[in-house]
There are 2 protein chains.
Amino acid sequence: MARDWTDPECPVARALDLVGDRWSLLVVRDAMDGARSFTEFQRRTGIARNILTDRLRRLTESGLLAQRTAPSGRRREYVLTDAGRDLFPVILTLRQWGERHAFDPGESHSTLVDLHGVPVPGLTPTGADGTRLDTDTTRVRKVATG
Amino acid sequence: MARDWTDPECPVARALDLVGDRWSLLVVRDAMDGARSFTEFQRRTGIARNILTDRLRRLTESGLLAQRTAPSGRRREYVLTDAGRDLFPVILTLRQWGERHAFDPGESHSTLVDLHGVPVPGLTPTGADGTRLDTDTTRVRKVATG
DNA sequence: CCGAATCAGTTGCGATTTGAAACCATTATG
DNA sequence: CATAATGGTTTCAAATCGCAACTGATTCGG
């Protein structure tokens, strides 16, 4: 179907072409938190039903979700694919940024914890030699133009 | 100004309310890569000019960008704030996901490298005890309802 | 100093997307 | 069997987007 990428050689731009809208990543968030059915996604996100239909279809076409028959019965359900589950670090870093910069001190928010209930520590970019990386210590190497 | 959050207690949702659209994170990406001026952002992203105006204003109002007078002369320029620079891990994980899942094998893409030209290694979520974390080994703890 | 180019937007307008609500066919449930 | 819940689709108005033209400064070349 020859997708029409915004910026074909930038992985960030391609990722955003697939999930860079207001709702897609919230759907993925809820899928990670156990949502499986149309109604459950709708209830959790509050998204309009026609838009939800569209997003579920798109995410399925892009290979982030798959539809399979539920184990119990005849209903169908949406489950994350490996590619969808691979968005975990993206959701996690968004969460961490949100906690730090989108809440006033004192405001409470939900927290991501491991199976023992211990809050998940922050994710810090580090280089091969263990040094911390940021905007000032990295740069984008453009692909060679054929 | 009493923002009207999609899902007030979820940091992921708040983050997406601020940068969860097709263009904002591309603007941040280019700011991280050295873009400062309106025209430069427009040239790199290909975004429509009126939309760019809106995004720059929004990002500035949200405290991710700041406008300051350029060191050389009288023009004004946009620079990332600390909050904006803190999106680095988000952009990085998006880039990594894109590299893995939005390119066919053999397709070439730009790469993030450190100052020695060495590609930045992948970012892996780990718990306090060093174990790898993913969707199955974490869960969201909702905030206590008043 | 003058004209041309560049910069940083703004305006107008048609096309697309979104959101709210109503509707509908198909399972479940009491 | 009646009723409710599920998983959508349809309709329609409102908001957003994208393109292109226009404006008003600033800067550059000669």
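Naming: A, B, ... by sequence-line order, numbering from 1 per chain.
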For Gly84(A), is there any backbone N or O sitting under 3.5 Å from a side-chain donor or acceptor partner on Trp97(B)? no

Atom CG of Leu52(B) and atom C1' of dC17(D) are separated, to the nearest Å, by 13 Å

Under a 3.5 Å distance rule, please check whether Thr138(B) uses its side chain to pair with a backbone N or O of Val113(A) as donor and acceptor. no

Rounded to whole Å, how long is the line connecting atom CG of Asp54(A) with atom P of dG19(C)? 11 Å

What is the distance from CZ of Arg36(B) to P of dC7(C), rounded to the nearest Å? 16 Å

Taking only Lys NZ, Arg NE, NH1 and NH2, and the carboxylate oxygens of Asp or Glu, determine whether Arg100(A) and Asp86(B) approach each other closer than 4.0 Å. yes

Can you give me the N/O atom pairs linking the protein to nucleotides 4-11 of chain D at distances under 3.5 Å, or say none if there are none?
{"residue": "dG7(D)", "atom": "OP2", "partner": "Thr39(A)", "partner atom": "N", "Å": "3.3"}
{"residue": "dG7(D)", "atom": "OP2", "partner": "Thr39(A)", "partner atom": "OG1", "Å": "3.1"}
{"residue": "dG7(D)", "atom": "N7", "partner": "Arg49(A)", "partner atom": "NH2", "Å": "3.0"}
{"residue": "dG8(D)", "atom": "OP2", "partner": "Tyr78(A)", "partner atom": "OH", "Å": "2.9"}
{"residue": "dG8(D)", "atom": "N7", "partner": "Arg49(A)", "partner atom": "NE", "Å": "3.2"}
{"residue": "dG8(D)", "atom": "N7", "partner": "Arg49(A)", "partner atom": "NH2", "Å": "2.7"}
{"residue": "dG8(D)", "atom": "O6", "partner": "Arg49(A)", "partner atom": "NE", "Å": "3.3"}

In whole angstrom, what separates Ile51(B)'s CD1 from dA20(D)'s P? 14 Å

Donor-acceptor contact below 3.5 Å, side chain Arg68(B) vs main chain Tyr78(B): no

Phosphate contact (dC17(D) OP1 or OP2) by Arg55(B) side-chain N/O below 4.0 Å: yes

I'd like to know if Asp21(B) and Arg55(B) make a salt bridge, using a cut-off of under 4.0 Å between side-chain N and carboxylate O. yes

Taking the six-membered ring of Trp5(B), is the NZ or CZ of Arg3(B) close enough (under 6.0 Å from the centre) and on axis enough (within 45°)? yes

Check DNA chain C against residues 15-31 of chain B and give the residues with a non-hydrogen atom under 4.0 Å, in numerical order. none

Are Glu40(A) and Arg43(A) within salt-bridge range, i.e. N to O under 4.0 Å? yes

Distance in angstrom units between Arg58(B) CZ and dG9(C) C1', rounded: 17 Å

May I ask you to decide whether Arg44(B) forms a salt bridge with Asp33(B), counting only side-chain N to carboxylate O separations under 4.0 Å? yes

Rounded (10°) bend between the five-pair end axes of the helix from dC1(C)-dG30(D) to dG30(C)-dC1(D): 30°

Less than 4.0 Å between a side-chain N and a carboxylate O, is that true for Arg29(A) and Asp7(B)? yes

Would you mind checking if Arg14(A) and Asp17(A) are paired as a salt bridge, meaning a charged N to carboxylate O distance below 4.0 Å? no

Just how far, in rounded Å, is P of dC7(C) from CD of Gln42(B)? 11 Å

Is there a side-chain contact between Ser37(A) and Gln42(A) (heavy atoms, below 4.5 Å)? no

